Amino acid sequence: MPGSLDMRKAEPRLLCGFRTSQAPSRRMTRSRAWAAGSAPTCQPLEDCLVLNYGGTRTRFNYVWLRDHCRSPSAYNSQTNQRKLDTGGVDLGIRPENATVQEGQLILTWPGGHVSEFSLSWLAENSYEAQKKTTVQPRILWNYDIYKNANVPSAKWDTFMSSDDEVKKFLQNYLLYGIAFVDDVPATVEATETVAQRVSIIRETTYGRMWCFTSDFSRGDMAYSQLALDRHTDTSYFQEPCGIQVFHCLKHEGTGGRTLLVDGFYAAEKVREESPESYELLARVPIRHEYIETSDHHQNHMTGIGPVLSVYPWNNEMYLIRYNNYDRSVINTVPHDLIQRWYAAHRDLTTELRRPENELWVKLTPGKVIFIDNWRVMHGRESFTGLRQLCGCYLTRDDVLSSARGFGLLA
Ligand SMILES: C[N+](C)(C)CCCC[C@H](N)C(=O)O
Ligand SMILES: O=C(O)CCC(=O)C(=O)O
Ligand SMILES: [Fe+2]
């Protein structure tokens, strides 16, 4: 690919919307400045209300406005929950009166109920504003980008005692999809403690905290000495585990390095170079499956979804399912798409396998890695000798909730 050199030199890549929301272009700044002088106005039309505010003209649906009324009878601001019965709103509702006063839109509905909205709240919460905003800003990386960023690891002592250290750790985790804590005692208990500092542990069929070695105690190739190509875990869950935590407690032998690849960086390349492939990966649902039939474990899991999950309003990726071991029979793709789907899958595989996109690390006792399993793929080199890995999965919702608690965009 002619771009491979460019890619090594590439600036950190941000998903769409980030730049727009964080750093408005000069033109936008000027038009905002101009608009700041002009008074905001509203025009009630037949099927919507048009608001001119901050240099932008935005349409608001009347049912939406009634549904989002923040008056005490419609909304409980103590619990941040809606009280209004949306099922009782007339779908043909229109306000009898609409005015803008002192930064507020004031609507009087038939029957006399009054709704007041601050104009800035409306501007922020409009579809048009969301379209330009990134839900989770990220820095997409290949080897050089990640190395040049010099992202620091957290240290066990400070991590356990300082909330600020956890905040920095989470910020790095959100931006890069991987983050490390060093100097952790090489025990399952300490690994559990460090994981719980971040979030709630997600118990699965593998246990709460798991500790595994190459003993084939489970019907899965992870429990062997074989190399594992890059993949996401639990792709066969309807909701794959959000975070994977690994801590290598012991390795007396050779090999066994961990491979990390930013799946969104690779998918972004596919989007740039082959939009049709990207579209297929984002639209065509496939199945992953885990079937285990042993004396001790009986499991049959299936998870259905596209390789890439993308928010439809801003085209931001949020989940990649890529596990060629656990990919199930494909019978969800019509004949006229299947050849093109394989070509699209190949385009993604090609990007994922570029050596310049690979980050190899040797996990050693003390070094705990957190991996965003919705974004960053992991794999491992084959190994010899006794190798003991412990870890757990974390619930994504709780990690993101902790991050938001620190004021981070997640
Ligand atoms: C991490 N731990 C060893 C507990 C489980 C491994 C699960 C491996 C499975 N093939 C998957 O990719 O989901
Ligand atoms: O052994 C390893 O380093 C990782 C194996 C693996 O992919 C997993 O446990 O999910
Ligand atoms: Fe894995």
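Bear in mind that the values here come from a model prediction, so they are computed numbers and not experimental data. Hydrogens, waters and symmetry mates play no part in the numbers below; they use all other heavy atoms, side chains included.
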When you measure from the side chain of T134 to the backbone of P137, do you find a donor-acceptor pair of N or O atoms at a distance under 3.5 Å?
no
Please check this pair: side chain of Y62 against backbone of C48, looking for a donor-acceptor N/O pair closer than 3.5 Å.
yes
All pairs passing salt bridge (Lys or Arg N to Asp or Glu O under 4.0 Å) where [range] contributes a residue, at least two apart:
range            : value
residues 221-240 : R202-E239, D229-R353, R230-E358
residues 368-386 : R138-D372, R257-E381, D262-R375, D372-R396
residues 158-167 : D163-R197

Quick one: list whatever passes side-chain hydrogen bond (donor to acceptor under 3.5 Å, both in side chains) with [X], sequence neighbours left out.
X    : value
H300 : E289
T86  : D67
D157 : none
T395 : D398

Mind checking what makes salt bridge (charged side-chain N to carboxylate O under 4.0 Å, His left out) contact with [X], not counting sequence neighbours?
X    : value
E203 : none
R208 : E192
R283 : E279

Aromatic ring centroids of H68 and F60 under 6.0 Å?
no
Ring centers of W210, Y393 separated by less than 6.0 Å
yes
For L359 and K147 the tightest heavy-atom approach is CD1-CE, 4.1 Å
Verify the distance criterion only: is there a donor paired with an acceptor across the side chains of N299 and T205 at less than 3.5 Å?
yes
Given side chains that start at C-beta, do those of H288 and S328 come closer than 4.5 Å, heavy atoms only?
no
Kindly list each side-chain donor-acceptor pair under 3.5 angstrom involving residues 332-340, sequence neighbours excluded, with atom names and distances?
from : atom 1 : to   : atom 2 : distance (Å)
T332 : OG1    : P285 : O      : 2.6
R340 : NH1    : E276 : OE2    : 2.6

Can you give the donor-acceptor pairs under 3.5 Å from side chains of residues 384-392 to other protein atoms, not counting sequence neighbours?
from : atom 1 : to   : atom 2 : distance (Å)
T384 : OG1    : T254 : N      : 2.9
T384 : OG1    : T254 : OG1    : 2.7
R387 : NH2    : G256 : O      : 3.3

Does this structure show an ion pair linking E128 with K131, if we count only N-O contacts that are shorter than 4.0 Å?
no
R59, CZ atom: more than 12 neighbouring heavy atoms under 6.0 Å:
no
For the CH2 atom of W341 and the CD1 atom of I286, what is their distance to the nearest 0.5 Å?
4.0 Å
Pair S120-Y53, side chain to side chain donor-acceptor pair (under 3.5 Å): steps then yes or no
CA-CA 9 Å; S120 57; Y53 172 67; 4.7 Å; no
